[in-house]
2 protein chains.
Amino acid sequence: MTRGKDGKAQTHERILNNAAVRFREKGIDGIGVADLMKEAGLTVGGFYKHFGSREDLVAEAVEAMKNGWDPVFADAETRGLGGAPLFDALVDGYLDVQHRDSPGAGCLFAAIAGDLGRAGEKPRAAATHKLERMIDRFARVFEDRRPAAARAAAIFAYSALVGAVSLARATNDEALSREILTTVGKALKRLVRPEKT
Amino acid sequence: MTRGKDGKAQTHERILNNAAVRFREKGIDGIGVADLMKEAGLTVGGFYKHFGSREDLVAEAVEAMKNGWDPVFADAETRGLGGAPLFDALVDGYLDVQHRDSPGAGCLFAAIAGDLGRAGEKPRAAATHKLERMIDRFARVFEDRRPAAARAAAIFAYSALVGAVSLARATNDEALSREILTTVGKALKRLVRPEKT
DNA sequence: ATTATCTATAGATCTATAGATAATGC
DNA sequence: ATTATCTATAGATCTATAGATAATGC
């Protein structure tokens, strides 16, 4: 309706999904409203008919961020995978060089945890929601433990994963970067991996 | 000499140490050159007599960042501490709520790893240097293992620590935040702690 | 008539530079 | 005479808003 061929909701989604990628790639403050609108094929003036403020966009974008694990979980579910093999797939996928080199499509915490800690209440609330969901989902991988222990294992392993990719991206020494990824992967499989299922 | 009562080197240090705090508190792009100079008691015009560019300041500030562990290591050395007690002191200190709430005085990676991953070559080289030194120092805590295993333990534990504080800062749910800190602390002590010394 | 999007711009940033000033060293 | 710091400003951002325009629905 009106000017654009698409509906407003689709335009909204387009702005959002692009912002979700760009914020992870360039940091929350790394790209401006005008450029985000341009990348969505629009001009800056329409922005505030879609979002109350830039911060509102950040919060919505955080909610919209598909974390790289979604396909792994989905695939595991269809194939009836769980326990150790699923854990290994999640760890390997997270610590892969491709994930390290594609922050825009990857874990929001590895990419912008620091920015989120300094962000307003709305983005932080959205991040909290994402984090809770991620922990719950990851905890179910530890079928061999009681709920409290499974949750603890998920929190511990997830912290190590987030830290590893954050550090692997921060250094410009490729050898060190890969060493971090492989070392943390091995340690997690040795110390945290659930029993075979 | 000239205008200021202090020497140029002291002024340089003053700008640097303040920037090192502010960058961790507000993110690398969270404060401008003019405000940094004002906080050091100067005006913006003098900045480029001290630093070739803003990015050069970032790199120097990263080098200058005292990580919160320095006093713990120093204290341990004077008291002849090592092994398990030192490991516990480092883990507890890192995962303390006070560290979480004082990014300006804390670990640079927990505060700005994301920013560093997007920064220029000079800041990333400085970060790499810091990271290497941190790993080497932390690895010496694992006196009970061979060098390669000690290094792996240091990389793994450090990743978990950085991830835990990053996540604990990103959420606005105080209970979840504390749960992350205590859970990761317990897991590290159970799974990675060196033998008693 | 409504509304999604457009153009244009206000006002507040930010990095970097030019040229003046004031304190020291010869 | 030198130089560390100052004031002032250019030019490029950025968020947010005002008002015009063009497409749809009554």
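Here is the naming used below: chain letters follow the sequence lines, and residue numbers restart at 1 for every chain.
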Review point. Toward the 5' end of DNA chain C, which comes first, B:Lys49 or B:Asp35, by nearest nucleotide?
Key: B:Asp35
Exercise for review: Using heavy atoms to find the nearest nucleotide of DNA chain D for B:Val44 and A:Val44 separately, return the residue whose nucleotide is more 5′.
Suggested key: B:Val44
Point to revise | Options C:dT5, D:dT15, C:dT15, nucleotide nearest the side-chain atoms of A:Thr11 | key: C:dT5
Point to revise | Who pairs with D:dT24 - Watson-Crick or G-U, where each distance is under 3.5 Å | key: C:dA1
Review point. Rounded to the nearest Å, what distance is computed from the CD atom of residue A:Gln10 to the P atom of nucleotide C:dT3?
Key: 19 Å
Check your understanding: Where do A:Phe156 and B:Phe156 land on the ring pair (Phe, Tyr, Trp, His ring centres under 6.0 Å) test, with the steps shown first?
Key -> CA-CA 11 Å; A:Phe156 177 55; B:Phe156 178 55; 5.7 Å; yes
Study note, to complete from the structure: A:Leu42 atom CG is separated from C:dT3 atom P, nearest whole Å, by 19 Å
**Study point:** Whole-Å distance separating the CG atom of A:Leu57 from the C1' atom of D:dC14
**Key:** 14 Å
**Study point:** Atom pair OH/CE of A:Tyr48 and A:Met37 - distance to nearest 0.5 Å
**Key:** 9.5 Å
Practice item. May I ask you to test the A:Val192-A:Phe87 pair for a side-chain heavy-atom distance under 4.5 Å? Key: yes
Point to revise | Minimum heavy-atom distance B:Ala20-B:Ala61, with the two atoms named | key: CB-O, 3.8 Å
Review point. Whole-Å distance between D:dT5 P and B:Phe51 CZ?
Key: 11 Å
Check your understanding: Expressed in angstrom and rounded to an integer, what is the separation of B:His12 atom NE2 from D:dT3 atom C1'?
Key -> 16 Å
Check your understanding: In terms of side-chain heavy atoms of A:Arg54, which of D:dA16, C:dC6, D:dC6 is nearest?
Key -> D:dA16
Check your understanding: Would you say a side-chain N or O of B:His50 is under 4.0 Å from OP1 or OP2 of D:dT5?
Key -> yes
Practice item. Could you tell me the separation between the CE atom of A:Met37 and the P atom of D:dA16, rounded to a whole number of Å? Key: 13 Å
Practice item. For A:Arg24 and A:Leu108, indicate whether the former's side chain and the latter's backbone hold a donor-acceptor pair under 3.5 Å. Key: no
Review point. Once you round it to whole Å, what is the distance between P of C:dA12 and CG of A:Asp29?
Key: 20 Å
Check your understanding: Within this structure, what is the NZ-to-P distance between B:Lys38 and D:dT5, rounded to whole angstrom?
Key -> 18 Å
Point to revise | Any B:Tyr48 side-chain N or O less than 4.0 Å from OP1/OP2 of C:dT17 | key: no
Practice item. Give B:Gly32 one of three labels, base, sugar-phosphate or nothing, depending on what nucleic acid heavy atoms sit under 4.0 Å from its own. Key: sugar-phosphate
**Study point:** Side-chain N or O of A:Ser53 closer than 4.0 Å to phosphate OP1/OP2 of D:dA16
**Key:** no
Practice item. Name the pairing partner of D:dG19, where a pair is Watson-Crick or G-U wobble with both distances under 3.5 Å, or state none. Key: C:dC6
